[in-house]
There are 2 protein chains.
Amino acid sequence: MSSGQPLSHPVEPTLTIAQVVERTGLSHDTLRYYEKAGLIERVGRTTGNQRRYRAADLAWLEFLIRLRETGMPIADVRRFAELRSRGDETVPERLAMLREHGAGLRERIRALRRDASALEDKIDHYERLLERPGSDDLI
Amino acid sequence: MSSGQPLSHPVEPTLTIAQVVERTGLSHDTLRYYEKAGLIERVGRTTGNQRRYRAADLAWLEFLIRLRETGMPIADVRRFAELRSRGDETVPERLAMLREHGAGLRERIRALRRDASALEDKIDHYERLLERPGSDDLI
DNA sequence: GCTTGACCTGGAGCGCGCTCCAGGTTCTAC
DNA sequence: GTAGAACCTGGAGCGCGCTCCAGGTCAAGC
């Protein structure tokens, strides 16, 4: 129920896919899809070919989820993952990607806040309309 | 090039679809799609069956765009549009929709800000890695 | 009157990001 | 050793939100 076959000689605790599903909120299918799509390196297997996720896999997964949740497209995440797997000489390029993504994200947040306050105004408008109806019905 | 045939007796200025494209940033196809999909009531036509958008159409379009940009699905926008077309007795329901949408939006903004600052941390990490390389490579 | 560009319609197609399926293997508990 | 749950694979399917296309009609300038 807990760890399964170790993959390397000094026993490192690993997680089954079900446990990763539980921890990340991703589905089995999404996890397999991410692997197939190259967002995750091929994760280690037991002798019976079942996935065993290591702590490093989890850490990357969690970062990847953040990238996705902030709107980075699959293709870009894959690019980032490829850079990562090529080692330290790709750090500058990865940094550039993150900076660009961060800038876009901050911009989106600003836009959302503007929209949110416009929405509040509309809500206020509706509330006034409810209190004294029939006054105007612009929207 | 400017206004086209009026639709009602006291001449109200109207916009061609090209002018609406320019003002809203939506494409011709998207505008027609929104109409087909019921997000916009059938807009007035010239005798030659060409669309002419009135100020009220524009105002609704701009609000609709805000709803879409803040992530409201097409189906919900259609629902809202239907309520709108049923008149003032649907104001409470519309208000409820907007309040719920606003709450979700604020929650999303909060999450994005958390993610954005986690992203900054990761960027800092990469910057340190660039300054004194080889120290660690967790992500 | 003719040309050219803007506009119309219905319907097919597409990119994204999963999600589901069939058919098989493996693991766990008894 | 066996039942049942968990896992595997390749590939098809799907929901969303457009976007494109074919085959026309309409409008404005010369």
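Chain A is the first sequence line, chain B the second, and so forth, proteins listed ahead of strands; every chain is numbered from 1.
With rounding to the nearest 0.5 Å, the separation of CD in A:Gln19 from OG1 in A:Thr14 is 8.0 Å.
Computed from coordinates, the B:Glu35 CD to C:dG10 C1' distance equals 14 Å when rounded to whole Å. One interatomic measurement links the two molecules: CZ of A:Arg32 to P of D:dA6, which rounds to 13 Å at whole-angstrom precision. As a whole-Å value, the separation of A:Glu69 CD from C:dG17 C1' is 14 Å. Atom CZ in B:Arg42 sits about 9 Å away from atom P in C:dG10, given to the nearest Å. With rounding to whole Å, A:Leu15 atom CG is found 16 Å from D:dA6 atom P. If you measure from atom CG of B:Asp76 to atom C1' of D:dC16, you get 13 Å, rounded to the nearest angstrom. In this entry the distance linking CD1 of A:Ile40 with C1' of C:dC18 reads 14 Å, nearest Å. In this structure, A:Ile65 places its CD1 atom 10 Å from P of C:dC18, rounding to the nearest Å.
Within 4.0 Å of A:Ala18, counting heavy atoms only, lie sugar-phosphate atoms of the nucleic acid but no base atom.
Comparing D:dC7, D:dT9, D:dT19 by their nearest atom to the side chain of B:Thr30 picks out D:dT19. With C:dG11, C:dG17, C:dC8 as the candidates, the nucleotide lying closest to the side chain of B:Lys36 is C:dG11. Closest to the B:Asp29 side chain, of the nucleotides D:dT19, C:dC18, D:dG17, is D:dT19. Among the nucleotides C:dA6, D:dC18, C:dT26, the one closest to the side chain of A:Gln50 is C:dT26. Proximity note for B:Thr16 (side chain, C-beta onward) versus D:dC8, C:dC7, C:dG17: the nearest is C:dC7. With C:dC18, D:dG17, D:dC7 as the candidates, the nucleotide lying closest to the side chain of A:Tyr33 is C:dC18. Relative to the side chain of B:Tyr34, the nucleotides D:dC8, D:dC18, C:dT9 differ in distance, and D:dC18 lies closest. Closest to the side chain of B:Ile74, out of D:dG17, C:dC7, C:dG17, is D:dG17.
Taking every heavy atom of both residues into account, A:Arg45 and A:Arg51 meet most closely at NH2-NH1, 3.3 Å. Between A:Thr90 and A:Arg86 the shortest heavy-atom distance is CG2-CB, 3.7 Å.
Using bins of under 30°, 30° to 60° and over 60° for the plane-to-plane angle, the ring pair A:Tyr126/B:Phe80 lands in the perpendicular bin.
B:Arg45 has a side-chain polar atom (N or O) that falls below the 4.0 Å cut-off from OP1 or OP2 of C:dT9. Regarding contacts with the backbone of D:dC7, every side-chain N or O of A:Arg51 stays at 4.0 angstrom or more from both OP1 and OP2. Considering only side-chain N and O atoms, A:Arg68 lies under 4.0 angstrom from the phosphate OP1 or OP2 of C:dC18. Considering only side-chain N and O atoms, A:Ser27 lies nowhere under 4.0 angstrom from the phosphate OP1 or OP2 of C:dC18. OP1 and OP2 of D:dA6 both lie 4.0 Å or more from every side-chain N or O belonging to A:His28. Here B:Thr46 does not reach the OP1 or OP2 of D:dC26: none of its side-chain N or O atoms lies under 4.0 Å away.
Using a 4.5 Å heavy-atom threshold, the side chains of B:Thr16 and B:Arg52 count as touching. Taking the side chain as every heavy atom from C-beta outward, B:Met97 and B:Glu100 never approach each other to under 4.5 Å.
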